[in-house]
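This structure is a prediction, so every number in the text was calculated from the model and none was measured. Atoms within a ligand are numbered from 1 in the order they appear, just like the ligands themselves.
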Amino acid sequence: MTRPRIGIIVGSVRENRFAEKALEWFLPIARSHPDLDFEVVDLKDYPLPFFNEAISPGFGQPARNATANKWRAKLSEFDGYVFVTAEYDHGPTAVLKNAIEWAYVEWGHKPVAFLAYGTVGGARAVEQLRTYVVELQMASVRQAVHIGGSDFMGILMNGKSIDDFPYYADNARTMLDQLAWWTETLRKGREKEAIRNAAA
Ligand SMILES: Cc1cc2nc3c(=O)[nH]c(=O)nc-3n(C[C@H](O)[C@H](O)[C@H](O)COP(=O)(O)O)c2cc1C
C-alpha cells in the first residue's frame, strides 16, 4: 500500500502573508513524520471565482470552470489535509471558504487538521471550519496548532520566529500523529466502501 498523501492547503493568498512563515516552519516537521507524505497546495495557484455553478459539486459532475476541475482533481489525489488557516473577521478567509465550496465528493470521508494563527491563535476561524467540514463528511482532528497571543504578535511584528516557541512543534507532532491515525482508518473505510459499491 502506498503511503498516505496529505495536501497542505494554504488558506491566504495576499502579499506578505504570514502563511509563508507558518508553512516554512511547519513543512520540515511534517516531512519528518514517518507515516505521511505531504504536498503544498497553494490557493494562489487556483484562482477560483466566487462559486457560481448551476449544479452543486455534491452531484460529482465536472464543473464548467476549468480551474475548479483542476482544483478538484488535485484534491482527489490526497488522503487527508492540513488547512493553513488565517483568521479574518473572526472567521476563516473568504478565499478558503470559497475553495471549500468548489468541491464536495473529493473531500468526503477524509480527515483535516488545522495550523492556525491570529490574536487568539485563529481559534474562531478553526471552530467555524470544523462546523463546515462536518457537512463535507470530513473528520476534523482534535489537536490543532494555534499560534496566538503575544507569540503571534512577536513573530508578526518583532522579529521573533515560531521556533522561539518550541511548544508549537510539540503540538504539530501530536496533531500529525492524530492525523495519521484518522488518515489510515478512513482510507481503509473508503476502500471497503469502494469494494462494496463495486460488488453492488
Ligand atoms: C481582513 C482582515 C481581517 C482580520 N481579522 C482578524 C481577526 O478577526 N482575528 C485575528 O486574530 N486577526 C485578524 N486579522 C489579522 C491577521 O491575523 C493577520 O493580518 C495575519 O497576518 C493574517 O494572515 P495572512 O497574513 O496569512 O493573510 C485580520 C487581517 C485582515 C487582513
Please write down residue, atom name and distance for the protein heavy atom closest to [atom].
atom	value
atom 22 (C) of ligand 1	Tyr88 CE1, 3.7 Å
atom 13 (C) of ligand 1	Glu87 O, 3.0 Å
atom 21 (O) of ligand 1	Arg14 NH2, 3.3 Å
atom 18 (C) of ligand 1	Phe152 CZ, 4.2 Å
atom 8 (O) of ligand 1	His90 N, 2.8 Å
atom 5 (N) of ligand 1	Asp89 N, 2.8 Å
atom 26 (O) of ligand 1	Tyr117 OH, 2.6 Å

Which ligand 1 atoms are under 4.0 Å away from a heavy-atom of [X]?
X	value
Ala19	26 (O)
Arg124	9 (N)
Phe18	21 (O), 24 (P), 25 (O), 26 (O)

**Request:** Kindly indicate whether the side chain of Gln61, heavy atoms from C-beta on, has any atom under 4.5 Å from the side chain of Glu53.
**Result:**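 No, their side chains stay 4.5 Å or more apart.
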**Asked** Are side-chain heavy atoms of Val134 and Arg130 found at a separation under 4.5 Å?
**Response**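 Val134 does not reach Arg130 side chain to side chain.
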**Message:** Looking at every non-hydrogen atom in both residues, tell me the closest pair between Met175 and Gln143 and how far apart they are.
**Reply:**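 So the two residues come closest at CG-O, 3.2 Å.
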**Shortest non-hydrogen contact between Trp182 and Pro111, atoms and distance** =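 Distance-wise, the nearest heavy atoms are CB-CB, 3.6 Å.
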**Linked, directly or transitively: Phe114 and Phe165 (ILVMFWY side chains, under 4.5 Å)** =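 Different clusters.
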**Message:** Here's a test for you: under side chain to side chain contact (heavy atoms under 4.5 Å, CB included), which of Val40, Leu115, Asp42 qualifies with Leu23?
**Reply:**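 With Leu23 as partner, Val40, Leu115, Asp42 yield a single side chain to side chain contact (heavy atoms under 4.5 Å, CB included), made by Val40.
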**Request:** Run the contact test for Glu20 against ligand 1 with a 4.0 Å cut-off on heavy atoms, strictly below, and give the result.
**Result:**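 Not so, Glu20 does not reach ligand 1.
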**Leu156 N/O under 3.5 Å from ligand 1 N/O** =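 No - when backbone and side-chain N and O of Leu156 are compared with those of ligand 1, no distance drops under 3.5 Å.
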**Prompt:** N/O of Thr119 under 3.5 Å from N/O of ligand 1, yes or no?
**Reply:**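 Between Thr119 and ligand 1 (N or O atoms, distance only) the closest approach is under 3.5 Å.
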**Prompt:** Can you tell which part of Ser12 has a heavy atom less than 4.0 Å from ligand 1: side chain, backbone, both or neither?
**Reply:**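 Side chain only; the backbone of Ser12 stays clear of ligand 1.
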**Request:** For Lys97 and Tyr132, run side-chain hydrogen bond (donor to acceptor under 3.5 Å, both in side chains): C-alpha distance rounded to whole Å, both residues' side-chain angles, the deciding distance at 0.1 Å, then the answer.
**Result:** CA-CA 9 Å; Lys97 172 76 160 56; Tyr132 301 167; 5.1 Å; no
**Request:** Please work out whether the ring planes of Phe83 and Tyr81 are parallel, tilted or perpendicular, with thresholds of 30° and 60°.
**Result:**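 Rings of Phe83 and Tyr81: tilted, 30 to 60°.
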**Request:** Would you please name every residue forming a salt bridge (Lys or Arg N to Asp or Glu O under 4.0 Å) with Asp35, sequence neighbours left out?
**Result:**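 Asp35 satisfies salt bridge (Lys or Arg N to Asp or Glu O under 4.0 Å) with no other residue.
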